[in-house]
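Since the structure comes first, as structure tokens, the remarks are kept for the end.
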Amino acid sequence: MARTITYMKAINEALDQEMSRDPTVVVFGEDNVGGHGAAGEMDAWGGVLGVTKGLYAKYPDRILDTPISESAFIGAAVGAACSGLRPVAELMFVDFMGVCFDQIFNQGAKLRYMFGGKAKVPMVIRTMWGAGIRAASQHSQSLYSIFTHVPGLKVVVPSTPYDAKGLLISAIRDDDPVIFFENKVLYTIEGEVPEESYTIPFGEANVVREGDDVSIVGVGRVVHMAQEAAERLAADGIQCEIVDLRTTSPLDEDTIYETVEKTGRLVVVDEDNPRCGMAADIAALVAQNRFDDLRAPVQMVTAPHTPPPFTGSLEDLYVPSADKIAEAVRKTTGGKVRARA
Amino acid sequence: MARTITYMKAINEALDQEMSRDPTVVVFGEDNVGGHGAAGEMDAWGGVLGVTKGLYAKYPDRILDTPISESAFIGAAVGAACSGLRPVAELMFVDFMGVCFDQIFNQGAKLRYMFGGKAKVPMVIRTMWGAGIRAASQHSQSLYSIFTHVPGLKVVVPSTPYDAKGLLISAIRDDDPVIFFENKVLYTIEGEVPEESYTIPFGEANVVREGDDVSIVGVGRVVHMAQEAAERLAADGIQCEIVDLRTTSPLDEDTIYETVEKTGRLVVVDEDNPRCGMAADIAALVAQNRFDDLRAPVQMVTAPHTPPPFTGSLEDLYVPSADKIAEAVRKTTGGKVRARA
Amino acid sequence: MTTTAPPDQASKQQLLEWYRTMRTIREFEERLHKEFATGEIPGFVHLYAGEEAIATGVITHLRLDDYIASTHRGHGHAIAKGCDVRAMMAEIYGKRDGLCHGKGGSMHIADVDKGMLGANGIVGGGPPMICGVGLSAKIRGTDQVGVSFTGDGGSNQGTFLESLNLAAVWHLPCVYVVENNGYAEATSVKYHAGAGTDIVKRADGFGLPGVVVDGHDFFAVYEAAGEAIARARSGGGPSLLECRVNRYYGHFEGDQQTYRAPGEVEELRRTRDCLDLFTRQVTSAGLVDAEELRRVDEEVARLIDDAVADAKAAPDPDPSDLLTDVYVKY
Amino acid sequence: MTTTAPPDQASKQQLLEWYRTMRTIREFEERLHKEFATGEIPGFVHLYAGEEAIATGVITHLRLDDYIASTHRGHGHAIAKGCDVRAMMAEIYGKRDGLCHGKGGSMHIADVDKGMLGANGIVGGGPPMICGVGLSAKIRGTDQVGVSFTGDGGSNQGTFLESLNLAAVWHLPCVYVVENNGYAEATSVKYHAGAGTDIVKRADGFGLPGVVVDGHDFFAVYEAAGEAIARARSGGGPSLLECRVNRYYGHFEGDQQTYRAPGEVEELRRTRDCLDLFTRQVTSAGLVDAEELRRVDEEVARLIDDAVADAKAAPDPDPSDLLTDVYVKY
Ligand SMILES: Cc1ncc(C[n+]2csc(CCOP(=O)(O)OP(=O)(O)O)c2C)c(N)n1
Ligand SMILES: Cc1ncc(C[n+]2csc(CCOP(=O)(O)OP(=O)(O)O)c2C)c(N)n1
Ligand SMILES: [Mg+2]
Ligand SMILES: [Mg+2]
């Protein structure tokens, strides 16, 4: 039975259902409970924004708070995953990856390969990403491009409550290390989500809107901006097809190629920075593998090559927007056009 | 007066000349000297492969050894750069970035922007990269794509002794944080290098070979492979133009566009992994900004989406090669060709 | 509990200066707490109210050319190090006239020219930089000192622990101040620190001298910090200073603090307030009279009023500022 | 110096097993040293020769289902944990029959099924994983134990220090063994550790019990490790065990060791050899006779000869192996 809940609640529900289903699922991070050692209430926070709230009452032994020692507890997730658990560790903000990246990219991601297939690392790292709440340069980054770069990691970037729940359940049941990106601005959006548990396979993009003229590809928050842009463009007779990648690693290349074969025009939208980022990744694959289907230059809409600024007026200019996306779409249709092959 | 020296010696000479020229240049890292606290010789190592050997005798107070505490001493470089020094810190292998990345990407790279321009961070991080010596998954990575992704950093990847010396001197004199990538396989190659000190500007690619048919773009070790491939292809009448980017950030887009305008065919070669990497970065820029000059699909030659393997037979398959480059070049010439716009 | 007496050599003017600094920090934070509730202030704001004696008692021993590295809870350190209060307020409001032109905000408030290397959004981000400051002084042959501030929670971050060792190995002119306010977000130090509340014990493992003082007692902090900083300045090497203190507000504005006992904060404000204690000490000793302190209070209140008014009235940054100051040259 | 006597309950068979393990490690390493010189062995190789009593004395207390995390100097730990010696040799030669099918090599030698979570190319890479092993045992309600090995140099890495605290906070069944062999590469512990050579002091700062033992004395290591591991297994929480020891070869093969005093190693081999000491102890006490030990030596020598011969003869991995085992499923 589906009902309308928030993206945040969908994540909480996925954790709850997997913890009740599988006793080896354990959740930990900084203040995922809150109140340890203090005189007041327990579960005082349930995560800095309340995502894990309520789990402590149900699973007091399987949700742990940690010291501010990301290397130790993210590494603990790696070790626990190698020895019989399915840990879900929280890296509060993905911006904090710099103090624990070794355990993620050299240990968790590589053990299986280095050991000749003799290790399995079924861990999930939940982490908050994205600009929009004036949290400044060290609490507003995207960074999923860096994780996507790393062989051995899977990278999930849900854009809706429905996807968040289904993809998180898949992540927890997955036998490889998964980095699960939660967009802080999307936490409060609502959507239809089934009560019962369900999974969404990795590497299967979601065509959220069909159209013949231009393909828009992206993940996370920008998918919503793309939809807004598409509405406006439709009014001008430009039909956009929107592909939400859902996971950046594995990547659903087929769906990207199919939409480009259909429209011949591609706009890649990415909240991450432009250099060596997701937008470039997709644009390059199409330029190599569907060049002859392209009827116009690929357009990339990304954050600029700067850190995220603090103040609202600048941060709003920093992230992509429906306006920028619409402008890019118009560029592709206005651009030089050659007959389809 | 130029003479023939190794890439390693060229780096040592750049450090020596800048230390003698500027008393605020200080060098530190693990065993950059070697022998501290021990009963034997001092300067016993001069760096794990001897790159800093001999500097201790000349500048005993300005070359320091560190504990195995990368976060502390890379962060010390940031703090020292903010307070009057020009530190050159060594991150022995770039693969170790995971234990100290925060100080590089959140502190060093962002201070100036976050502080509204009120900070200057003239630091250099020298680091060893690349496959080829059977050092396995945690000592053979490229990773410059990750650093190139980060706004605020400059990324230098020299391919010859001449470039290594000139670019390192520029890096030390630069007022922004620079990550200087030293390829471990290239340490022993020799080349003409002037004795006197000189600088090579950042963001100016080097066209190491001219040709009309196909453009090959890359950095570091693969530039040599590209030259080998170009020789062979020339015998078959295919003239390649080779662009050595020298620095990946800033990026010399103009030279890339000029060569593509000339040849209409692009092969990007990159020893780094393929997802969100340098090859994709270049391919995407061309697909967006010189689409109409392209006469064939862009081809990317990179390492596969796997960690570097240990054993030689697999590692040799892991890295790009003259064969793979030549094959990619042939693909672009064999591919569907349309008349120039 | 016993408190430390004012130093004999302290002039009345000096005492008033210390009081003014603590009062300015308190007023700045109390006012931000009110203004934040109106929703006009963007982003995360962590208030230093209750901890004023530490920033003031430590930093008064520093010169303009000495450096500090602060934390996410950095307003107090910035004010004590001499950052412009109006520009700080404008920065927190995200305005063009802000100390960082609106690009940093509360979590990155900084003024390198004043020796303030910034608040920090990364717990444990500052201590390594202070090793660099110490190295710089040593190499350049100056007698500058670097002081790092870290919380009890931050003392579990590897970057902080590594820095203690590096400072010892390089014998750097640095002081590592631990502001132990009993909580890391919603978690008590009794839970998050393996050895219980004694963060100072960690210094010994790296060969650093370490002391603990009552962080509410300005003169206790002043005395201990004076020794540590003098030692560092005179080539005696690094040390650790743990200050036991309390914060009056939530971890950040918006925190309901249900993890604290009912009345916990009210009790602390009544019994452990650093400004009250300072006032009692200097007035009972007849060094300053209450009237003079009240005049300082009024001046500070006006300053903060003006700062807030100016901040609200100030213009946003120019859109073009988005792309500037990423590099010196690119 | 005083040494520890063999435990009364140790059977002759048990004593011979310990000796066999130490001798196997020694022979494995001595042989690698020779073979490396021929240029046939790829990559970086860090030899454990001289430190055998630690791996053997600690790991003999572990079960197959207990876990260890090792360092770049991992051959000894792997052998003691029961990894197949022939497969290890083949791995170091980079062959298909290797323990990791030639993809890991000496620096990543591992066998998770045997509870060996791998040598590690990252100094400080292992300790956090051992926190996870302890957590897993605790959550699953088993009495498994996790043991992490770290060098004196590695004890300066934040990851190691954070792990001590996390293990204390979570009260984990873990033991952190510090193999203090006096050097981190070419740098003495006297330089790189702020508190001098006493790494054990760091345990106290995180509330862990810590002890120091002579790492050449098998029975001393055996006794201390037994207590630490029994404590962990019975719910008594984590502890640190520092073993003072020496390495016989360079940091890695190829290191000329000019930082060591002339004759330093020869002297150590003559006076501080763990195998000699063990032999003297068990023979003088009449528990085992020299003849029996010599027989073990011969068997071990044959085993290593065969392992090397097989490794050299073994085929390279298949080219297709380059792309396998990155993921379980992708
Ligand atoms: C590396 C990192 N981890 C986690 C956080 C989130 N965080 C911000 S402040 C804080 C608590 C800090 O506690 P403490 O060091 O005691 O300082 P206090 O807030 O009490 O002044 C945490 C966990 C962060 N900013 N950086
Ligand atoms: C994070 C990291 N930094 C540096 C290195 C390079 N390195 C490898 S071993 C080593 C010295 C380790 O010394 P110690 O921990 O005492 O172990 P030992 O070699 O003496 O057994 C160093 C610096 C590394 N592998 N990883
Ligand atoms: Mg605190
Ligand atoms: Mg050692």
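So you know, we letter chains A, B, ... as the sequences are listed, proteins then strands, and number each from 1. Atoms considered below: every heavy atom in the structure, side chains included; atoms not considered: hydrogens, waters and symmetry mates.
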Chain D interface, residue from A:Pro177, A:Gly108, A:Ser249 that has the most non-hydrogen pairs under 4.5 Å: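 Of A:Pro177, A:Gly108, A:Ser249, A:Ser249 has the most heavy-atom pairs under 4.5 Å with chain D.
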[X] portion near chain D, given a 4.5 angstrom heavy-atom threshold:
| X | result |
| --- | --- |
| A:Asp61 | backbone |
| A:Lys154 | both |
| A:Phe115 | both |
| A:Pro122 | neither |
| A:Asp65 | backbone |

Heavy-atom pairs under 4.5 Å with chain A are the metric here; pick the option from [options] that has the most.
| options | value |
| --- | --- |
| D:Gln144, D:Lys138, D:His108 | D:His108 |
| D:Gly102, D:Gly146, D:Gly132 | D:Gly132 |
| D:Ile109, D:Asp113, D:Val112 | D:Val112 |
| D:Leu172, D:Leu99, D:Thr159 | D:Leu99 |
| D:Cys131, D:Gly125, D:Ala167, D:Ala137 | D:Gly125 |

Is there a side-chain contact between [X] and [Y], using heavy atoms and a 4.5 Å cut-off?
| X | Y | answer |
| --- | --- | --- |
| A:Gln107 | D:Asn120 | yes |
| D:Ile139 | A:Arg62 | yes |
| A:Thr66 | D:Val169 | no |
| A:Phe73 | D:Leu166 | yes |
| D:Leu117 | A:Cys82 | yes |

To the nearest 0.5 angstrom, please state how far the [atom1] atom of [X] sits from the [atom2] atom of [Y].
| X | Y | atom1 | atom2 | value |
| --- | --- | --- | --- | --- |
| A:Leu85 | D:Arg140 | CG | CZ | 6.0 Å |
| D:Lys103 | A:Arg112 | NZ | CZ | 9.0 Å |
| D:Phe160 | A:Ser71 | CZ | OG | 14.0 Å |
| A:Leu251 | D:Tyr330 | CG | OH | 7.5 Å |
| D:Met129 | A:Ser83 | CE | OG | 11.0 Å |
| D:Cys100 | A:Leu111 | SG | CG | 10.5 Å |

Chain A contact via [X] - which portion, at a heavy-atom distance below 4.5 Å:
| X | result |
| --- | --- |
| D:Asp65 | neither |
| D:Tyr327 | both |
| D:Thr324 | backbone |

Side-chain donor/acceptor of A:Tyr113 to backbone N/O of D:Asp325, under 3.5 Å: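 It does not hold such a pair.
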Neighbour count >12 (heavy atoms, 6.0 Å) for atom NZ, D:Lys312: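 Atom NZ in D:Lys312 is packed in, count exceeds 12.
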Closest approach of D:Ile122 to A:Asn106 (non-hydrogen atoms, all atoms of both residues):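 Residues D:Ile122 and A:Asn106, closest heavy atoms: CD1-ND2, 3.6 Å.
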Trace of the side chain to side chain contact (heavy atoms under 4.5 Å, CB included) decision for A:Lys110 with D:Val326: CA-CA 7 Å; A:Lys110 293 182 171 65; D:Val326 180; over 6 Å; no
